[in-house]
Undergrad: 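Pasting in a structure now, in structure tokens, and then I'll have a few things to ask.
Note that these values count all heavy atoms, side chains included, but never hydrogens, waters or copies made by symmetry.
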Amino acid sequence: MAMSMATGAMGSLLPKLVKLLKEEYKLKESVKEGVRSLEEEMKSMQAALRKVGEVPRDQLNEQVKIWAAEVRELSFKMEDIVDKFLVRVDDGSEPAANLKKLKRLTKKMAGLFTKGKARHEIADAIRSINKKVQEVAGRRARYNIDNIVSKPAAVTPIDPRIGALYKEVTDLVGITGTRDQEIMKLLSEGDDMSKKKLKIVSVVGFGGLGKTTLVKTVYDKIKGDFDCRAFLPVGRNANAKKVFMDILHDLDPDKDKGQLSMLDERELINKLQKNLENKR
């Protein structure tokens with residue numbers, strides 16, 4: 001369905017152009033030559049439209065979008081013209097189909113004319129359409145449609161927290177070397193009972209101050225005091241399943257991430273609870 005929309009009326013138009021070349025329609029050789037030229041050009045444009053249709057719309061150049069819309073519209077107009085001619089001069093070999101077409105198309109026609117006049121009109125229409133098609137083909141070459149279909153892929157920005165993981169605290173501007181000691185003190189203070197409970201220390205401030213680098217330094221210094229540990233940068237719109245998987249992998253680097261990916265969030269939480277049970 002999507003590809004059909006991308007190529008307009010091409011799928012049904014091309015067989016009808018071939019049908020026009022049959023002897024029973026008694027078109028002049030010069031008109032037949034015009035039909036053959038149209039058929040070849042429209043086949044080529046159909047292939048280009050298919051290529052365009054395979055690219056996500058938001059990745060298409062604006063010129064390509066305009067060109068594709070123009071070709072699709074042209075294909076519908078051409079089919080309408082050919083349908084009118086076929087209905088008016090057909091010999092009745094397909095009465096049911098033609099009757100259906102006739103009911104649909106007579107609303108657009110002032111009336112039925114002679115076959116001779118119909119042939120004259122289709123000849124004029126073929127010449128006019130050929131001229132229009134050549135203009136569209138010229139723009140296709142000018143816009144380099146066949147080679148420049150999509151815009152360059154957008155550059156995905158690198159999460160700034162990643163680089164912060166590998167900086168030294170001494171590289172931070174405006175932060176003294178005692179900051180990590182203060183955080184470590186907050187995490188370790190209290191009696192034996194409080195040390196066994198979950199503790200949360202929030203480090204807040206503007207972006208770029210070095211918060212991630214600071215807490216990573218604290219983590220590296222105290223992680224040896226714990227039975228298990230994990231360090232994970234989490235963005236604002238984090239995927240819960242990925243977060244659970246990354247924590248599990250940090251807790252046990254030998255775990256197969258492929259197998260973890262087969263579990264849902266509930267199963268990952270259960271596995272996390274089992275891994276953390278009775279551990280500091």
Side-chain angles (χ1 to χ4, degrees), residues 54-62 150-280:
E54 291 171 355
V55 178
R57 184 170 173 77
D58 61 348
Q59 292 181 23
L60 287 173
N61 292 310
E62 199 59 37
S150 61
K151 296 184 290 189
V155 177
T156 303
I158 296 175
D159 189 332
R161 291 183 296 268
I162 299 300
L165 300 182
Y166 302 98
K167 284 185 178 180
E168 298 291 337
V169 175
T170 53
D171 294 336
L172 305 182
V173 178
I175 296 182
T176 66
T178 61
R179 287 287 183 262
D180 56 331
Q181 298 297 325
E182 291 177 22
I183 296 175
M184 290 168 65
K185 187 177 179 182
L186 287 170
L187 290 168
S188 60
E189 276 185 342
D191 55 30
D192 290 341
M193 283 302 296
S194 67
K195 288 180 182 179
K196 292 179 180 179
K197 293 181 179 180
L198 173 68
K199 286 191 175 182
I200 298 175
V201 175
S202 299
V203 180
V204 299
F206 294 112
L209 287 179
K211 301 183 295 297
T212 303
T213 303
L214 181 60
V215 295
K216 179 62 164 61
T217 300
V218 172
Y219 170 78
D220 287 337
K221 286 184 177 181
I222 67 173
K223 63 183 181 182
D225 298 336
F226 294 84
D227 299 321
C228 53
R229 55 262 176 183
F231 188 93
L232 181 67
V234 180
R236 186 183 298 272
N237 299 311
N239 179 288
K241 180 174 179 177
K242 185 177 186 308
V243 170
F244 295 145
M245 283 175 54
D246 287 346
I247 294 174
L248 278 165
H249 192 261
D250 259 19
L251 294 176
D252 184 359
D254 293 330
K255 284 189 183 297
D256 186 343
K257 274 200 168 183
Q259 291 181 352
L260 291 177
S261 66
M262 302 295 289
L263 306 177
D264 60 26
E265 284 90 342
R266 181 185 59 81
E267 291 169 323
L268 288 168
I269 291 172
N270 289 340
K271 189 171 279 291
L272 266 173
Q273 289 180 326
K274 186 176 180 180
N275 271 265
L276 296 174
E277 192 173 8
N278 297 322
K279 290 180 181 176
R280 181 168 185 259

Undergrad: List the residues meeting side chain to side chain contact (heavy atoms under 4.5 Å, CB included) with I269, not counting sequence neighbours, and say none if there are none.
TA: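 Expected list: F244, Q273.
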Undergrad: Using ring pair (Phe, Tyr, Trp, His ring centres under 6.0 Å) as the criterion, list what pairs up with F226, not counting sequence neighbours.
TA: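 Result, ring pair (Phe, Tyr, Trp, His ring centres under 6.0 Å) vs F226: none returned.
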Undergrad: Rounded to the nearest 0.5 Å, what separation is found between the CG atom of D250 and the CG atom of N275?
TA: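 Going from CG on D250 over to CG on N275, the span is 12.0 Å.
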Undergrad: Report the distance from atom CG of D225 to atom NZ of K223, rounding to the nearest 0.5 Å.
TA: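 Between D225 CG and K223 NZ, I get 11.5 Å after rounding to 0.5 Å.
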Undergrad: Are side-chain heavy atoms of K271 and M245 found at a separation under 4.5 Å?
TA: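 No, every pair of side-chain atoms sits at 4.5 Å or beyond.
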Undergrad: Measuring from H249:NE2 to K242:NZ, what's the distance to the nearest 0.5 Å?
TA: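 Between H249 NE2 and K242 NZ, I get 11.0 Å after rounding to 0.5 Å.
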Undergrad: Looking at every non-hydrogen atom in both residues, tell me the closest pair between R229 and Y219 and how far apart they are.
TA: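 Nearest pair, atom of R229 first, then Y219: CG-OH, 3.3 Å.
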Undergrad: Do you know the tightest heavy-atom contact between L268 and L260?
TA: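 What the structure gives for the nearest pair is CD2-O, 3.9 Å.
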Undergrad: With K241, which residues qualify under salt bridge (Lys or Arg N to Asp or Glu O under 4.0 Å), at least two apart?
TA: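 Here no residue qualifies.
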Undergrad: Listed by chain and number, what are the side chain to side chain contact (heavy atoms under 4.5 Å, CB included) partners of L232, not counting sequence neighbours?
TA: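 For L232, the residues satisfying side chain to side chain contact (heavy atoms under 4.5 Å, CB included) (neighbours in sequence not counted) are V234, V243, D246, I247.
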Undergrad: Using the side chain to side chain contact (heavy atoms under 4.5 Å, CB included) criterion, which residues pair with N278? Sequence neighbours excluded.
TA: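 N278: no side chain to side chain contact (heavy atoms under 4.5 Å, CB included) contacts found.
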Undergrad: With sequence neighbours left out, what residues match V218 under side chain to side chain contact (heavy atoms under 4.5 Å, CB included)?
TA: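 Per chain and number, V218 pairs via side chain to side chain contact (heavy atoms under 4.5 Å, CB included) with D180, I183, M184, L187, I222.
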Undergrad: Quick one: are L251 and L272 in side-chain contact, heavy atoms under 4.5 Å?
TA: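 Answer yes - side chains close enough.
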Undergrad: Please tell me if the side chains of T212 and P233 come closer than 4.5 Å, counting only heavy atoms from C-beta onward.
TA: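 No, side chains not in contact.
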